[in-house]
Every structure is written in structure tokens, then in C-alpha cells.
> 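Got a structure here, written out as C-alpha cells. Questions coming.
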Amino acid sequence: MRVSALFSQTLYQAPSEADVISHQLLLRAGYIRQLGAGLFSFMPLGKRSMVKIEDIIRQGMDAIGGQEMEMPVVNPAEVWKRTNRWFEIGAEMARFKDRVGRDMVLAMTHEEVITDIALHEIRSYRQLPLMVYHIQTKFRDDPRPRAGLIRVREFRMKDSYTMDRSWEGLEKQYRAHYQAYFDIFRRCCVPCIAVKSDVGMMGGKMAHEFMYLTPIGEDTLLLCQQCGFSSNRQAACFVKEMPPAEAQLPLEEVFTPDCKTIAALAEFLRVPESKTAKAVFLIATISADNRDVEKFVLAILRGDMELNETKLVNAVKAKDLRPATEEEIRAHGIEPGYGSPIGAKDILVVVDDLIPQSPNLVGGANKPGFHCLNVNYGRDFGADIIVDIAAADEGCGCPQCGAPLHLSRGVEIGNIFQLGTRYSQAMGATFLDEDGQLKPIIMGSYGIGPGRLLACVAEEHHDERGLVMPISVAPYQVYMVPVPGKQMDTLAMAEKLYQDLKAVGVEVMLDDRDERPGVKFNDADLLGIPLRLVVGERALAEGGLELRRRDGKGGWLVPPDRAVELVREQIGRMLAEIEETVQPVDYSG
RNA sequence: CGGGGCGUAGCGCAGACCGGUAGCGCGCACGGUUCGGGACCGUGAGGUCGGCGGUUCAAGUCCGCCCGCCCCGACCA
């Protein structure tokens, strides 16, 4: 590639809307351009990196027996109605009507389509197991795109789907993906950990997310340094310390002015927050018989703990959950700020499983300015559901070893789900098993977002001069800078070398622009091309060309007649360094 | 959807409080001098000041509505 002809320029200053480093650098280096909120174009440089990332993914999927295919972005709503997700998913899914007036959707994932294909294709256990994948554009109308390529609305996504006759078969394919994902991310030089996650809208049994740890991450994780346990906060359980046993004391009303928060209440009564009960009021949308019903939910947990809304959503099987307004709270006979289930009407009470073990708590009296002392579960109030709904927090006990957990932030770069039979059952994708029984196909679903991965590469590999792209995903391998000389025709020399390198398959950029050397050096650094080759009189006088690694791990003076050979050797070495990191990992199921 | 910020030349910004001929730096075009880490001099092109409406003799500036982008929250790969 001649830099003079490259479609995209480097930017001296980053546009002001970019505030995370990967966004700024990808913009400045000319890899991407923004069209709208969460909508990005990939310029030639960015596209080349994306192709490389996608090829690494292909290689990883092919290695575990995947067959690449492609499914349509536009789906008839009908298939989504069959699994009920047409009704379950909200505004996030883009819908429209075609010219005849049929409901259509822009696919945000392809479980429905693959299951529809499977139900037509798969008849016998002899056709299983199967693993297929595709890399396709998807659209999710995210309410808040942010952080450049980290969170966008339109994005490419590798999805793979497994189909098995047994749960053991699914487990095997799940584990194969687990390893393949580590291999893929290591080839892209993005460090990551696997964490247990909530199954979310996918449904299913078991799920892991692959997380790149970074403070700009949007997911909150809990990690145990003792035993290696890790979990997304949405799914994290933890060891709850049992409060000491106490005899139940008689209920007593006390005047507690201006104590609308737990902190104020604990301060006023001089009791620890763990001796109080927190009441959280929410409106859950629950769908029953294809109709949405709004249900008023009262969640009760100890004052020292926070509500984990994901756990609550799962507990009440809600499609949506939002805080209740003051009017709604009053309508159910509850006094905001002094709320309690005592005397409340027509509500669903969900109690955290620690509450029944916690005697003599301070709770609301449902009367402005009053709380009750010695509130006890069972005696003073009951529950429709008792389940863990507390959010794990910094310092909570690890569910595996009891050591304190630590909070960390991460970006999800991949996920794997054991779907089970949710989709095959809903759509009737069955096969005839060896025993003559008709059984639903047991499925798994696995995703990786290459664009987000590119952002993480940039986030992880940069310095004050710009990107430092790993050679596995860099748009080009070598950046040549001819420095005009007085005696020698360095441009002609560079031109010859450029042709020679291209001829042996080296991906090389020749900066043939009429610019000062400083400008070229700065651009070479900003683009993050792994190797830089300078053709200039100064070094030539000392016998060679300057070959330098962008990552600072080496620089050499190479004789012109050996330049091609040494460049190739260095490329091979850099690729080998990356390949060395690809190692078997322990599966932490 | 709630809270906050912003929208003026390709990019970064000033001008707005206090209405009176739209500016600066970078970039771009042309000429010249330069040429190993974002050079310098000269000349020049480039703007429906996000949109619509209102107030006014006069609106980038004041008022109203709308649109877009960013950040925090809610939500999520």
C-alpha cells in the first residue's frame, strides 16, 4: 500500500466526543469513522484488522469442527414469535414491516434461524453432533451506545451453534469452545478471564463470559484471588455471614424523623446497618399467556446489602423491572421511606434468604416518621418467595473458598451459553434417537464480537505515540519510510524494496508522500504498524537500513541485500511469540 | 427513558453573559525556502453559526420547540 493513496488520514487531534483511548486512537489513526450513535464505518486500515481478527476466529472455530455458513440479517417475525422472543424482547430489537405489511426484524442473534434450519435438516441422531458458525452483521438498538467500538448498535458478530443428542455432547462442545476462545483471544493479544454469567435473554443452563479486565469496562465482576473463582456481578452468589442467634423481642414502634435512608436510620438509632431491613419497591412486567401484566414487587433485604436486580428478575420471571413511583407505592398502602410489608396490599413479596436468619431488625412502620424495632420474619411478615437477591460486593465471602471477593471492571469480548432445549423445544427441532424416541436437539450458542475485540486490542496495546498493534491483527506488517537524501536516491531504493517485499507476501506500506520525515515517523507510530523500515542516507552510511519493532523490543541495522530476508524472519519471530502464548487452560466449570 | 454537557470551516476551539459586517490554531490549495521525530514565509479557498419558529430596525448571541452527539444512571454482547 502506498500511503499517498490510502483512503483515510491521520488526525492531529481526536474529535472531542471520543473519550476512551481506544476510540481516540482508532479515530486518529484512521481505522474507523463514526456515522451516528453506535454506528461506525471501518476504513481500509480498520477493515484489514477486522478481517484478520475474523480469520483468527475462523481458524479457531474450524479447529474444533465448526462449519462456516451464513444466515440472513432480516428475519420474518414469525420465527421469533415461535420462541416467544418477539414478545419478550423490548425496544432493543429493531422491527419493521415489509411492503406487504408482514412483521420483520433485524436479527440480533440467530438461535431462531438456526433452529428453524435444524428442524428441517435434522432427523436422526446419526446427523449429530454438529457445530456451525457464521460471522454476520447484527443490530441491537442499544439505549446507550458508548466508548467507541466497545458498545455499538450495529456490529459484526461471530455466532456458533452446537447441536447434540445428549447433555454430555453439549458439555464436550462447550468445553471445546471454552478452550478455543482462549486461543482466539491470545492470538489477538487480548488478555482475558472467563467468568460465570447470568443467562439473560438467551435462556439456558450454564454460561460463561470472557472478560478483558479494564477500568473502562461496563460489567462489574467479582474475583477471588485465593481460589480463582470469578463471576459477573449479575450472577455472583457469595457466602452470607450468619448473624448470631437471638431470642425474638416484642415489636415496638419508634419515632424516627427524617430517616428515609438506611444510613440515616442506622445513624439515628445507633444500630449497625446489618440490623436493619431494606425495602425496595419495583414494578415487574411479567408475561403470562402472551399478555404483559404489571406486578408490584416488594424486595426485602438486609440494610447492609444491595439489591441484585438480575437475581430478582430471575426470581419473579420478569421481562422488565423498574423502580416504582411514589404514587404507585402509596397506592399499595405503603409509606415511601418508611415502607414495610406490614399492612401492604396486593403485592409480591420477595425476601432475601438471609432475612429469615436475621432476628430483631429495624423496619419501616408504614407511617411517616416511624419505624419498628424487632421486626422478625415469620412472626411479623411473610413472603411469596424466599431466595438470594443480594448483590455481591467488595469483600463478600467467596462461594468456593470463603476468601474476600474483589470487585473489578471488564469488557465482555465473548460468551458461551448452554442453551439446552429451550429453542429446539419451542420450535419443534427434534431427532429420532437410537432408542426410537423423538427428542429435542440439545443446543449451545457462542458469540464473539470482532469489533469490540479490536477496541480491546487498541485499549491494551498503545503508548503515548499511538497504537502498538500486535502483528497478528495489524493492518500491515511493515511501514517503510524513505528519507530523501542528497547523494542517494533513497526513494528509488525504497520502491525496489517495496516491490520485493510485496512479491514474497509481506504486507507493507510505503510512505511515498512528499512529507518531512518527522511526519512519516509520527504516522508510522500512530498507526501502530509492528515493523518500521527506514531507508535513509544516515543509516546507509553505516551500512544498512533501520529495522525497528514498534513495541520497542528491538532495532537492527540491516544490509540492503538482506532486508527482505531479515524482515520476513522478524515477522516470523513476532508471530511465533504470540503463538507461544496459546496454551491449554483449565476449565473452571 | 431520567440527570448533565455540547452543537460556530475537515479537526480542535474562541465569539454568546452585554444583539450591530464570523474569528484563531491545525489541516487543505498555490508559490518559494526547507528536509531524520507533526518546519517556515507569502497568497488563497473553505461557514444556510444543528433545524424551525418567535422577539427586534438588526439574532451565532435573547425566547420557544425540535434534531443530533457525548457523559452519568437505567439497560446490555
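Just so you know, these numbers come straight off a predicted model, no measurement behind them. When reading the values below, keep in mind they use all heavy atoms of this one structure, side chains included, and skip hydrogens, waters and symmetry mates. Order of the sequence lines sets the chain letters (A, B, ...), proteins ahead of strands, with each chain counted from 1.
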> Are there over 12 heavy-atom neighbours, none belonging to A/Q59, within less than 6.0 Å of that residue's CD?
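Correct, the count exceeds 12.
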
> Give the minimum heavy-atom separation between A/E537 and A/T490, together with the two atoms involved.
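In this case the closest contact between A/E537 and A/T490 is N-CG2, 4.1 Å.
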
> If every non-hydrogen atom of A/Y31 is compared with every non-hydrogen atom of A/L527, which pair is closest and at what distance?
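That would be OH-O, 2.7 Å.
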
> Side chain of A/E17: nearest nucleotide among B/rC71, B/rC69, B/rA74?
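Between B/rC71, B/rC69, B/rA74, the one nearest the side chain of A/E17 would be B/rC69.
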
> Scan A/V152 against the nucleic acid and name what it touches under 4.0 Å (heavy atoms): base, sugar-phosphate only, or nothing.
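Base, at least one base atom sits under 4.0 Å.
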
> Considering only B/rG38, B/rG37, B/rG12, which nucleotide approaches the side chain of A/Q13 most closely?
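Selected nucleotide: B/rG12.
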
> State the pairing partner of B/rC30; accept Watson-Crick or G-U wobble contacts with both distances under 3.5 Å, and report none otherwise.
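Per the H-bond distance test, B/rG42.
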
> Heavy atoms only, 4.0 Å cut-off, all strands: where does A/G36 land among base, sugar-phosphate and nothing?
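Sugar-phosphate contact only.
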
> Salt-bridge test for A/K520 and A/D523: reply yes if a basic N is under 4.0 Å from a carboxylate O, no otherwise.
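Looking at A/D523 together with A/K520, the answer is no, because their closest N to O distance does not fall below 4.0 Å.
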
> Output the rounded distance in Å from CG (A/L11) to C1' (B/rG12).
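In whole Å, B/rG12 C1' and A/L11 CG are 10 Å from each other.
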
> What is the nucleic acid contact for A/R548, judged by heavy atoms within less than 4.0 Å: base, sugar-phosphate only, or nothing?
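If one applies the 4.0 Å heavy-atom cut-off, A/R548 turns out to touch a base.
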
> Please give the distance between the P atoms of B/rG12 and B/rC52 as a whole number of Å.
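One P to the other, the span is 23 Å.
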
> Searching all strands shown, indicate the nucleotide that pairs with B/rG25 (Watson-Crick or G-U wobble; both distances under 3.5 Å).
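Paired with B/rG25, as far as the under-3.5 Å criterion goes, is B/rC11.
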
> Nearest to the side chain of A/R151 - B/rA39, B/rC76, B/rC72?
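The listed nucleotide nearest to A/R151's side chain is B/rC76.
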
> Tell me which nucleotide, if any, is Watson-Crick or G-U wobble paired with B/rC75 when both distances must be under 3.5 Å.
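Paired with B/rC75, as far as the under-3.5 Å criterion goes, is no nucleotide at all.
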
> Give none if B/rG19 has no partner; otherwise give the nucleotide forming a Watson-Crick or G-U wobble pair with it, both distances under 3.5 Å.
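The base-pairing partner of B/rG19, which may sit in any strand shown, does not exist here.
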
> Has the side chain of A/R532 got a donor or acceptor that lies under 3.5 Å from a partner of the other kind on the base of B/rG37?
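Present.
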
> If you measure from the Lys or Arg side-chain nitrogens to the Asp or Glu carboxylate oxygens, is any gap between A/K47 and A/E54 under 4.0 Å?
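Salt bridge between A/K47 and A/E54, a charged N being under 4.0 Å from a carboxylate O: no.
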
> With both distances under 3.5 Å as the test, what is the Watson-Crick or G-U wobble partner of B/rG47?
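Partner of B/rG47: none found under 3.5 Å.
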
> Can you say whether the rings of A/Y178 and A/H208 are parallel (under 30°), tilted (30 to 60°) or perpendicular (over 60°)?
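Plane angle over 60°, so perpendicular.
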
> What do you reckon, is CZ of A/F96 surrounded by more than 12 foreign heavy atoms closer than 6.0 Å?
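Above 12, so yes.
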
> Hey, what do you get for NE2 (A/H110) to OG1 (A/T115), rounding to the nearest 0.5 Å?
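Going from NE2 on A/H110 over to OG1 on A/T115, the span is 11.5 Å.
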
> Looking at every strand, decide which applies to A/V534 at a 4.0 Å heavy-atom threshold: base, sugar-phosphate, or nothing.
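Base contact - A/V534 has a heavy atom under 4.0 Å of at least one base atom.
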
> Find every protein N or O atom lying less than 3.5 Å from an N or O atom of nucleotides 28-34 of chain B, and list the pairs.
{"unit_1": "B/rU34", "atom_1": "O2", "unit_2": "A/R516", "atom_2": "NH1", "d": "2.9"}

> Reckon A/G536 touches a base, only the sugar-phosphate, or nothing at all at heavy-atom distances under 4.0 Å?
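Contact class for A/G536: base.
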
> For a quick check of understanding: with a heavy-atom distance under 4.0 Å over all strands, which category does A/A455 fall into, base, sugar-phosphate or nothing?
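Since no nucleic acid heavy atom lies under 4.0 Å of A/A455, the category is nothing.
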
> So what does A/P15 touch, heavy atoms closer than 4.0 Å: a base, only the sugar-phosphate, or nothing?
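Contact class for A/P15: sugar-phosphate only.
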
> Consider the side chain of A/Q34, meaning its heavy atoms from C-beta on, and name the nucleotide among B/rC70, B/rG38, B/rC71 that approaches it most closely.
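Looking only at side-chain atoms, A/Q34 lies closest to B/rC70.
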
> Mapping A/P145 and A/E537 onto RNA chain B by nearest heavy atom, which one lands closer to the 5' end?
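Counting from the 5' end, the first nearest nucleotide belongs to A/E537.
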
